[in-house]
Amino acid sequence: MTDLEKFNDKIANNIKIEPKDWMPDDYRKHLQRQMSQHAHSEIIGMQPEGNWVLRAPTMRAKVILLAKIQDEAGHGLYLYSAAETLGKSRDTYIEELQTGKAKYSSIFNYPTLSWADMGAVGWLVDGAAIVNQVSLQRTSYGPYARSMVRICKEESFHQRQGYEIIATLAKGTPKQKEMAQDALNRFWWPSIMMFGPHDADSYRSSNAMEWKIKLESNDALRQSFIDKTVPQAELLGLTIPDPDLKWNEERGSYDFGEINWEEFWNVVKGNGPCNKQRIKHHVKAHENGKWVREAANAYAKKQKEIKKAS
Ligand code: FAQ
């Protein structure tokens with residue numbers, strides 16, 4: 001069997017591809033792109049929430065939010081480590097993010113304007129992320145699949161944390177309910193854009209499906225998220241901001257309105273409300289953390305020397 005035949009055989013039999021296995025160059029590049037984008041999303045995704053740590057309404061809410069943001073940092077770390085097994089360094093991935101060569105999820109380019117947005121981010125953004133990531137637990141690359149298992153466990157806590165914030169506001173005073181509705185109005189469409197373009201325009205999908213990197217299509221995952229989330233909004237007495245949203249008895253799913261693709265591509269290309277601010281902040285934090293990285297590397301080097309000498 002040639003290397004390619006062995007690779008194809010593993011994919012066909014759902015045997016994970018591991019870092020030292022032979023893999024086609026395009027498979028490796030596809031994963032480097034997707035996994036690093038995923039890692040960048042986790043790290044940039046800390047910023048909209050970090051915005052509210054000092055303004056959380058109670059100590060309990062603050063501690064929970066802090067724990068959630070730390071989890072996102074952890075997710076970024078697992079994903080960068082997993083992506084490094086593909087033969088590219090974390091420094092290179094970060095440089096690609098900071099120079100605009102690599103993307104991160106469009107959702108994190110929207111501002112978080114009120115405390116209710118912390119609810120909307122947890123409920124909708126983490127909710128959408130889970131739907132995608134549960135499917136990625138079965139992805140063909142071993143380190144990516146394994147990182148998803150742990151990440152999904154933590155994301156489900158995040159989704160509940162957000163739902164609790166939204167539910168508290170939705171059941172509160174009329175002003176609080178208005179805040180919850182306003183957050184839903186602003187985050188609904190960007191959340192369903194997270195799943196990417198319609199299948200017909202998803203130019204990465206055919207390879208990804210063939211290699212079992214992606215197991216479900218953008219539209220299938222988006223539909224699953226919508227079907228799960230609409231009843232939750234109804235339970236809260238909130239209205240999804242889509243006049244075309246309607247249960248389709250025949251399909252057993254919700255029909256929904258047209259997504260504003262012009263807005264989506266505009267954000268993806270770097271022209272969303274917060275793209276420039278997010279990267280500027282990342283560069284600043286990265287520069288401020290240089291001495292920590294240097295100290296940690298020096299410590300690790302010294303430990304190695306001591307171990308070698310003993
Ligand atoms: N944003 O052909 P497709 C989280 C790009 S989870 C920006 O459909 P693909 C948790 C796409 O890269 C969020 N760009 O591409 C959290 C491609 O451009 P390229 C992150 C997007 O890869 C919660 C082009 O459009 N999750 O952060 C987006 O097959 C709360 C054509 O698209 C993941 O990354 C978008 N939304 O499908 C953290 C999951 N959609 O690269 C903090 C892993 C598409 O050729 C707080 N990734 N594009 O220049 C995936 O599942 C896939 O990569 C998709 C896109 C579904 C995102």
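Order of appearance sets the numbers: ligands from 1, and atoms from 1 within every ligand. Just so we're clear, the structure is a prediction, and the values are computed from it rather than from any experiment. The residues of the chain are indexed from 1 along the displayed sequence.
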Checklist entry - Which residue from S41, G272, S135 reaches closest to atom 20 (C) of ligand 1 through any of its heavy atoms? => result S41

Item to check | F225 and F195: CA distance, side-chain angles, deciding distance, ring pair (Phe, Tyr, Trp, His ring centres under 6.0 Å) verdict | outcome: CA-CA 10 Å; F225 169 72; F195 296 93; 5.7 Å; yes

Next on the checklist: Out of M193, Q37, Q34, M35, who is nearest to atom 52 (C) of ligand 1 when you count heavy atoms only?
Outcome noted: Q34

Checklist entry - Between I107 and ligand 1, which part of the residue brings a heavy atom under 4.0 Å of the ligand: side chain, backbone, both or neither? => result neither

Next on the checklist: Heavy-atom pairs closer than 4.0 Å: do any link ligand 1 to the side chain of N218, the backbone, both, or neither?
Outcome noted: side chain

Next on the checklist: Closer than 3.5 angstrom, by distance alone: can the side chain of N109 be matched with the main-chain N or O of P273 as a donor-acceptor pair?
Outcome noted: no

Next on the checklist: For Q133, state whether at least one heavy atom is located under 4.0 Å from any atom of ligand 1.
Outcome noted: yes

Item to check | Atoms in ligand 1 flagged as close to Y144, the criterion being non-hydrogen separation under 4.0 Å | outcome: 43 (C)

Checklist entry - Would you say A208 touches ligand 1, if touching means a heavy atom closer than 4.0 Å? => result no

Checklist outcome for this item: Ranked by distance from atom 5 (C) of ligand 1, the top protein heavy atom is K103 CD, 4.1 Å

Checklist entry - Is the shortest N/O to N/O distance between R33 and ligand 1 below 3.5 Å? => result yes

Checklist entry - With a 4.0 Å cut-off, would you call E216 and R138 a salt bridge? => result yes

Item to check | Distance filter under 4.0 Å to S202 heavy atoms, resulting ligand 1 atoms | outcome: 2 (O), 3 (P), 8 (O)

Checklist entry - Checking side chain to side chain contact (heavy atoms under 4.5 Å, CB included) for the pair Y141/M23: CA distance, chi angles, key distance, verdict? => result CA-CA 10 Å; Y141 188 55; M23 60 186 89; 4.0 Å; yes

Item to check | Contact partition for K68 relative to ligand 1, non-hydrogen atoms under 4.0 Å | outcome: side chain

Checklist entry - Taking Q47 for the side chain and R278 for the main chain, is one N or O donor matched with an acceptor at less than 3.5 Å? => result yes

Item to check | V268: numbered ligand 1 atoms lying under 4.0 Å from its heavy atoms | outcome: 7 (C), 14 (N)

Next on the checklist: Yes or no, since that's all I need: does a protein heavy atom fall within a distance strictly under 4.0 Å of atom 54 (C) of ligand 1?
Outcome noted: no

Next on the checklist: How far is atom 23 (C) of ligand 1 from the closest protein heavy atom, and which atom is that?
Outcome noted: D126 OD1, 3.3 Å

Checklist entry - Near G45, which atoms of ligand 1 are under 4.0 Å from a heavy atom of that residue? => result 42 (C), 46 (C)

Checklist entry - Between E294 and K301, does at least one N-O distance fall below 4.0 Å, as a salt bridge requires? => result no

Next on the checklist: Under 4.0 Å from a heavy atom of A129: which atoms of ligand 1 are those, numbered in the order shown and with their elements?
Outcome noted: 6 (S), 10 (C)

Checklist entry - What atoms in ligand 1 come closer than 4.0 Å to a heavy atom of S106? => result 1 (N), 7 (C), 35 (C), 36 (N)

Checklist entry - So, do D227 and R251 sit near enough that their side-chain heavy atoms are less than 4.5 Å apart? => result no

Next on the checklist: Suppose we screen for side-chain contact (heavy atoms from CB on, under 4.5 Å). Which residues come up paired with T139, at least two apart in sequence or across chains?
Outcome noted: L136, Y144, A145, I213

Checklist entry - Under 3.5 Å, side chain of T229 to main-chain N/O of I226, donor-acceptor pair present? => result no

Item to check | Protein residue, atom and distance nearest to atom 40 (N) of ligand 1, heavy-atom basis | outcome: G196 CA, 3.2 Å

Item to check | Closest protein heavy atom (residue, atom, distance) for atom 42 (C) of ligand 1 | outcome: E72 CD, 3.4 Å

Item to check | atom 7 (C) of ligand 1: nearest protein contact (heavy atom, Å) | outcome: Y104 O, 3.3 Å

Item to check | Between H281 and H286, ring centroids under 6.0 Å | outcome: no

Checklist entry - Applying the side-chain hydrogen bond (donor to acceptor under 3.5 Å, both in side chains) test to H282, which of Q98, H40, E287 qualifies? => result Q98

Checklist entry - Salt bridge check: are R160 and D126 linked by an N-O gap of less than 4.0 Å? => result no

Checklist entry - Does even one non-hydrogen atom of H158 get within less than 4.0 Å of ligand 1? => result no

Item to check | Close approach, E155 and ligand 1, non-hydrogen under 4.0 angstrom | outcome: yes

Next on the checklist: Considering K101, E42, H30 one by one, which has a heavy atom nearer to atom 4 (C) of ligand 1 than any of the others?
Outcome noted: E42

Item to check | Protein heavy-atom partner closest to atom 29 (O) of ligand 1 - residue, atom, separation in Å | outcome: K214 NZ, 2.5 Å

Next on the checklist: Looking at E262, is its backbone amide N or carbonyl O close enough to the side chain of N260 to form a donor-acceptor pair, meaning the two atoms are under 3.5 Å apart?
Outcome noted: yes

Item to check | Presence of salt bridge, K88 and E84, under 4.0 angstrom | outcome: no

Item to check | The one among W265, Y203, F195 that brings a heavy atom closest to atom 18 (O) of ligand 1 | outcome: Y203

Item to check | Test item: Q32 side-chain N/O and L86 main-chain N/O as donor-acceptor pair under 3.5 Å | outcome: yes

Item to check | Closest protein heavy atom (residue, atom, distance) for atom 51 (O) of ligand 1 | outcome: N132 ND2, 3.0 Å

Item to check | For atom 2 (O) of ligand 1, closest protein heavy-atom neighbour | outcome: R204 N, 2.9 Å

